[in-house]
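Structure first, then comments.
Proteins get letters first, then strands, A, B, ... in listed order; numbering begins at 1 in each.
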Protein chains: 2
Amino acid sequence: MRVTREQAEKNRERIVATAARLFRDKGFDGIGVDAIMKKAGLTHGGFYGHFASKDALAAEAMTRAIEDSLRWQDGLADIDELVSRYLSAQHCADRANGCAVAALGGEAVRQRPALRSALTDGVRAQIDRIADLLKDGTSKARHRRAMATYAGMVGALTLARAVDDPDLAQEILAAAREAFGDHVATSHRASSRR
Amino acid sequence: MRVTREQAEKNRERIVATAARLFRDKGFDGIGVDAIMKKAGLTHGGFYGHFASKDALAAEAMTRAIEDSLRWQDGLADIDELVSRYLSAQHCADRANGCAVAALGGEAVRQRPALRSALTDGVRAQIDRIADLLKDGTSKARHRRAMATYAGMVGALTLARAVDDPDLAQEILAAAREAFGDHVATSHRASSRR
DNA sequence: TGTACATCAGTGAACGCGCGTTCACTGATGTAC
DNA sequence: TGTACATCAGTGAACGCGCGTTCACTGATGTAC
């Protein structure tokens with residue numbers, strides 16, 4: 001049954017937002033069009049009125065997921081707080097609403113160019129944001145440290161989620177929080193001056 | 001046609017070894033039983049004479065992949081060399097023969113317990129190995145630094161592979177090599193003494 | 001050592017299910033007068 | 001503003017392909033005598 005244009009647009013939005021969460025939670029191959037549409041409160045048949053293919057939705061969903069993962073950091077002015085939140089038990093447990101790069105980075109290599117491009121934009125944006133929070137050094141040096149810090153964050157989250165022992169997971173998160181918090185960002189600077 | 005028991009055992013081995021490489025290259029959902037058997041020089045029908053299911057093979061292949069990814073480090077006595085090799089352009093390009101944790105860590109959450117358990121063993125072994133290469137500090141402190149270093153390595157490799165810009169990928173690898181090489185392992189120690 | 005039979009590793013056709021995609025249809029919305 | 005018709009968002013059945021799994025069969029290996 002037909003629906004207002006406004007409502008149709010809202011539906012489309014909801015599909016993208018739902019997919020952005022479900023893909024992060026279950027992976028691109030782990031969730032189907034049918035399940036996404038059902039979760040969005042629609043039936044699968046209408047899908048192709050909104051998107052050319054599942055891949056096309058995946059690319060849009062990745063863009064959305066990247067936006068989501070950056071948004072929670074808005075207003076954070078402290079690298080230590082950023083790192084603590086990123087490496088929190090909460091973020092570790094909540095794949096669906098967490099960092100898209102950590103959740104989908106490993107699968108992205110095999111996805112469409114548009115999707116990889118969206119992810120790359122997200123990586124760049126995240127590196128810039130971390131670099132902005134590092135106070136000392138040239139822009140170039142801060143970006144270098146930001147890349148290493150971001151790598152540490154993504155890796156620690158990936159490891160903590162992959163491992164089947166909750167204690168080990170917590171140890172990894174704690175070790176990374178200590179290593180990549182601001183006091184070490186400082187020591188990185190010191191070492192790169194050597 | 002029947003084959004020597006010895007040959008059958010070799011075939012089984014080859015299936016596991018092939019799968020260990022193909023899964024790392026294409027992901028668990030990205031490669032089928034048919035393709036694995038073909039690559040191993042057999043036909044798919046014989047598969048279930050060797051394994052109970054694709055999942056069962058995946059668990060064995062993960063164990064094998066973990067062993068592979070640890071073996072190339074044998075004889076390395078220098079943390080800097082370990083980090084350099086792990087974060088080399090070569091390792092970045094060669095998913096199939098590289099670190100199983102970086103290649104499959106993101107998908108492991110959704111796999112069988114046996115597979116996750118194999119991966120967890122691998123993570124522990126890798127952390128121990130890095131800790132052994134760090135010369136100063138208590139065992140506990142070295143393990144803490146090893147976890148952060150390993151996280152940085154896995155994250156940097158994941159990011160470099162995920163991104164669609166080769167220049168950015170190289171920058172990330174270079175930044176991580178600088179940050180997680182031994183001179184910074186030293187500065188980590190310094191900072192944890194603060 | 002040689003022979004006869006049982007075993008069983010590997011083959012390839014076939015099955016069945018899941019999932020991406022298509023399509024005829026419905027009925028509410030949008031529009032022309 | 002009201003009426004008549006065209007449009008089209010969403011529905012649900014159906015299609016077709018890929019893939020994990022099964023199975024009857026083959027013929028070489030393994031074994032009993």
Using the six-membered ring wherever Trp is involved, compare the ring planes of Tyr86(A) and Trp72(A) and label them parallel, tilted or perpendicular (cut-offs 30° and 60°).
tilted
Measure the acute angle between the ring planes of Phe180(B) and Phe180(A), then classify it against the limits of 30° and 60° as parallel, tilted or perpendicular.
perpendicular
Quick one: does His44(B)'s side chain have a donor or acceptor within less than 3.5 Å of a partner on Val33(B)'s backbone?
no
Quick check: does any side chain N or O of Arg161(A) sit under 3.5 Å from a backbone N or O of Ala93(A), one acting as donor and the other as acceptor?
no
Charged N-O contact under 4.0 Å between [X] and [Y]:
| X | Y | result |
| --- | --- | --- |
| Asp68(B) | Arg71(B) | yes |
| Glu13(B) | Arg64(B) | yes |
| Asp74(B) | Arg129(B) | yes |
| Arg85(A) | Glu81(A) | yes |

May I ask you to test the Ile130(B)-Met153(B) pair for a side-chain heavy-atom distance under 4.5 Å?
yes
Here's a test of your reading of the structure: between Thr4(B) and Asp29(B), which maps to the more 5' nucleotide of DNA chain D?
Asp29(B)
Its 5'-most and 3'-most nucleotides having an atom under 4.0 Å from a non-hydrogen atom of chain B, DNA chain C is contacted over dT7(C) to dA14(C)
Is it true that His143(B) and Asp128(B) share a donor-acceptor pair across their side chains at a distance under 3.5 Å?
yes
For DNA chain D, which residues of residues 39-53 of chain A approach it to below 4.0 angstrom with any heavy atom?
Leu42(A), Thr43(A), His44(A), Gly45(A), Gly46(A), His50(A)
Go through DNA chain D and write down every stem, that is, every run of at least three consecutive Watson-Crick or G-U wobble pairs with distances under 3.5 Å, as range with range.
C:2-33 with D:2-33
